[in-house]
Amino acid sequence: MLRDITLGQYYQTDSVIHRLDPRVKLAGTLLYIISLFFFKNFIAYLIAIVFLATVIKLSHVPFRFMVKGMKAIVFLLLITVVFNLFLTPGEALVTCWKLTITKEGVEMAVTMAVRLTMLIIGSSIMTLTTTPNNLTDGMEKGLRPLKLFHVPVHEVAMMMSIALRFIPILMEETDKIMKAQIARGADFESGNLIRRARAMVPLLVPLFISAFRRANDLAMAMEARCYRGGDGRTKMKPLIYQKRDRIAYLCILLYLVVSIGVGRILL
Amino acid sequence: MGIVRTKELVYEYIRRDEEGNVEGITTAVDHVDLDVAQGEFIAILGHNGSGKSTLAKHINAILNPTEGTVWVDGMDTSEEDKLWDIRQTAGMVFQNPDNQIIGQVVEEDVGFGPENMGIPTKEIWERVEESLKAVGMYEYRKYSPNKLSGGQKQRVSIAGVLAMHPKCIVLDEPTAMLDPSGRKEVIRAVRGLNQVEGVTVILITHYMEEIIHADRVFVMDEGKIAMEGTPREIFSQVEKLKNLRLDVPQVTLLAYELQKKGIPLPKGILTTKELADALMGVK
């Protein structure tokens with residue numbers, strides 16, 4: 001039940017995309033997202049769609065699985081479209097009461113909708129094909145240059161992976177405390193929003209106390225096992241670029257050049 | 001000199017009020033002398049608040065003595081620059097299995113210690129494999145720790161310490177949160193380490209059954225060592241143990257009560273079989 005919840009929605013299967021180095025996937029996703037906002041015409045979008053479709057095909061993740069993830073943001077998408085539709089100034093198409101739909105507005109709304117949809121599908125490929133663990137590893141190594149600017153990259157990555165490890169434990173604990181409080185007559189379900197929020201207090205206080213106690217224990221256990229930050233640490237599963245990772249980088253580069261280049265030339 | 005030695009060890013918890021004034025001092029460990037030889041299986045016994053966990057934390061240099069000295073393999077634990085060598089020599093397993101597993105996969109957790117020590121990748125894998133095999137958890141190496149039972153998690157924790165190749169393992173009530181079958185499996189793993197791998201074991205517990213196989217037992221009470229000896233010697237003093245608020249194993253208690261009623265039985269019977277044999281001999 002609660003203990004099976006996983007963060008991000010990793011889809012377990014074997015594919016080229018799954019096996020890629022997480023750094024490639026992180027960089028690729030970032031470049032892909034940026035590229036979406038550079039496009040000025042529909043041919044560029046067509047190239048992006050072809051690229052995206054190829055990646056989806058290669059990832060062996062069923063397309064409906066990705067669409068499922070879209071459901072949660074349909075509302076957000078609608079708001080963006082509506083705002084763009086009515087609030088973009090320009091040549092009026094239809095006027096109804098105080099609201100005006102402009103030609104520019106329609107164009108803007110359509111591009112935004114396409115962009116956002118492609119952005120979300122694109123980034124969901126990353127989370128679907130990379131385990132959270134792998135992702136933090138990739139971030140740690142990929143962002144290492146930031147250390148020069150005193151960004152604690154290793155510490156942040158370590159915190160993320162510990163947080164991921166403790167999510168199911170704390171979920172289970174919440175469940176336990178909730179049951180204990182219900183057994184003593186606590187009511188989490190009735191009343192208006194404020195009442196319900198107040199009912200959460202006897203749940204959150206013990207949860208926080210126990211989380212702090214766990215953190216204390218864990219810190220001691222980590223120190224007892226010689227943990228002293230990222231310096232001088234070796235990796236059990238080091239990230240090393242393979243041939244396929246280099247090819248993937250090339251493909252991403254090629255995609256960038258072609259899509260942005262085509263967009264510019266044809267304009 | 002033994003692998004772990006303490007001399008005149010004193011540790012005081014200082015309680016302060018809100019202004020930071022000293023409110024009271026609790027002496028958790030009070031002049032303890034301990035000398036553990038390499039390869040021994042030591043059990044430290046005591047009820048809650050007897051100071052046994054505080055003593056354990058000194059061996060791993062998590063706590064530093066208020067007075068006196070602790071040596072681990074000849075290194076003084078109050079020397080700052082020896083800290084990591086000490087923690088490598090004397091590994092520690094804690095009570096709560098959930099709060100000491102760091103990795104999200106069993107094998108990654110076992111590799112955590114060696115990673116911190118800067119061991120080359122290839123050797124980490126070798127160490128992880130041999131440690132997991134030593135505690136019988138190799139088949140579970142790809143599992144998430146959340147899917148394991150308490151006893152299994154605790155064995156993973158032991159493997160995690162073992163992968164650091166310590167000379168000594170301190171186990172601070174490793175079975176307190178486990179069910180009876182989990183307790184048995186952990187104790188079996190610990191005995192295996194001691195007998196097969198020759199690792200010095202210091203087991204802290206309040207379960208009497210777990211100390212039967214120890215070479216030597218120390219009983220702690222109010223920070224002091226109240227009794228010391230082999231399990232047989234300890235268990236033959238039932239009255240004294242009762243005064244220290246400790247439970248005696250059922251078999252030993254039964255033998256003791258029978259003795260009191262005038263049945264001639266040897267002192268300090270530890271196992272059911274021993275008692276049965278002894279009773280067979282009684283005419």
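Chain letters run A, B, ... following the sequence lines, proteins first and then strands; every chain starts at 1.
- Of the two parts of B/Ile102, the backbone and the side chain both hold a non-hydrogen atom closer than 4.5 Å to a non-hydrogen atom of chain A.
- Between B/Lys57 and A/Met220 there is a side-chain heavy-atom pair separated by less than 4.5 Å.
- Inter-residue side-chain proximity for B/Gln100 and A/Leu218 is flagged as unmet; no heavy-atom pair is nearer than 4.5 Å.
- Heavy atoms of B/Ile101 lying under 4.5 Å from chain A belong to its backbone as well as its side chain.
- Neither the backbone nor the side chain of B/Glu123 comes within contact range of chain A, judged by heavy atoms closer than 4.5 Å.
- Only the backbone of B/Pro114 comes within less than 4.5 Å of a heavy atom in chain A; its side chain stays farther off.
- Looking at B/Val128, only its side chain comes within 4.5 Å of chain A, counting heavy atoms on both sides.
- With a 6.0 Å radius and a threshold of 12 heavy atoms from other residues, nucleotides or ligands, B/Tyr143 has its OH atom at or below the threshold.
- Using a 4.5 Å cut-off between heavy atoms, B/Asp109 touches chain A through backbone and side chain atoms alike.
- Surrounding CD of B/Glu139 are more than 12 heavy atoms belonging to other residues, nucleotides or ligands, all under 6.0 Å away.
- For B/Trp125, the part lying near chain A is the side chain, with the backbone staying farther off; criterion is any non-hydrogen pair under 4.5 Å.
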| task | Let me see the working for B/Asp98 and A/Arg165 under side-chain contact (heavy atoms from CB on, under 4.5 Å), right down to the final yes or no. | result | CA-CA 10 Å; B/Asp98 276 325; A/Arg165 147 111 183 89; 4.2 Å; yes

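- Contacts of residues 233-243 of chain A with chain B at a heavy-atom distance below 4.5 Å involve A/Arg233, A/Thr234, A/Lys235, A/Met236, A/Lys237, A/Pro238, listed in sequence order.
- Between chain B and the options A/Gly229, A/Ser161, A/Ala215, A/Ala224, the largest number of non-hydrogen pairs under 4.5 Å is found for A/Ala224.
- Under the 4.5 Å side-chain criterion, counting only non-hydrogen atoms from C-beta, B/Asn116 is not in contact with A/Arg228.
- No hydrogens or angles considered: nothing links the side chains of A/Arg213 and B/Asn99 as a donor-acceptor pair under 3.5 Å.
- With a 4.5 angstrom heavy-atom cutoff, B/Val110 touches chain A only via backbone atoms.
- Applying the side-chain hydrogen bond (donor to acceptor under 3.5 Å, both in side chains) test to pairs two or more places apart or on separate chains, those with a residue in residues 20-29 of chain A are A/Asp21-A/Arg23, A/Lys25-A/Thr130.
- Of the two parts of B/Gln95, neither the backbone nor the side chain holds a non-hydrogen atom closer than 4.5 Å to a non-hydrogen atom of chain A.
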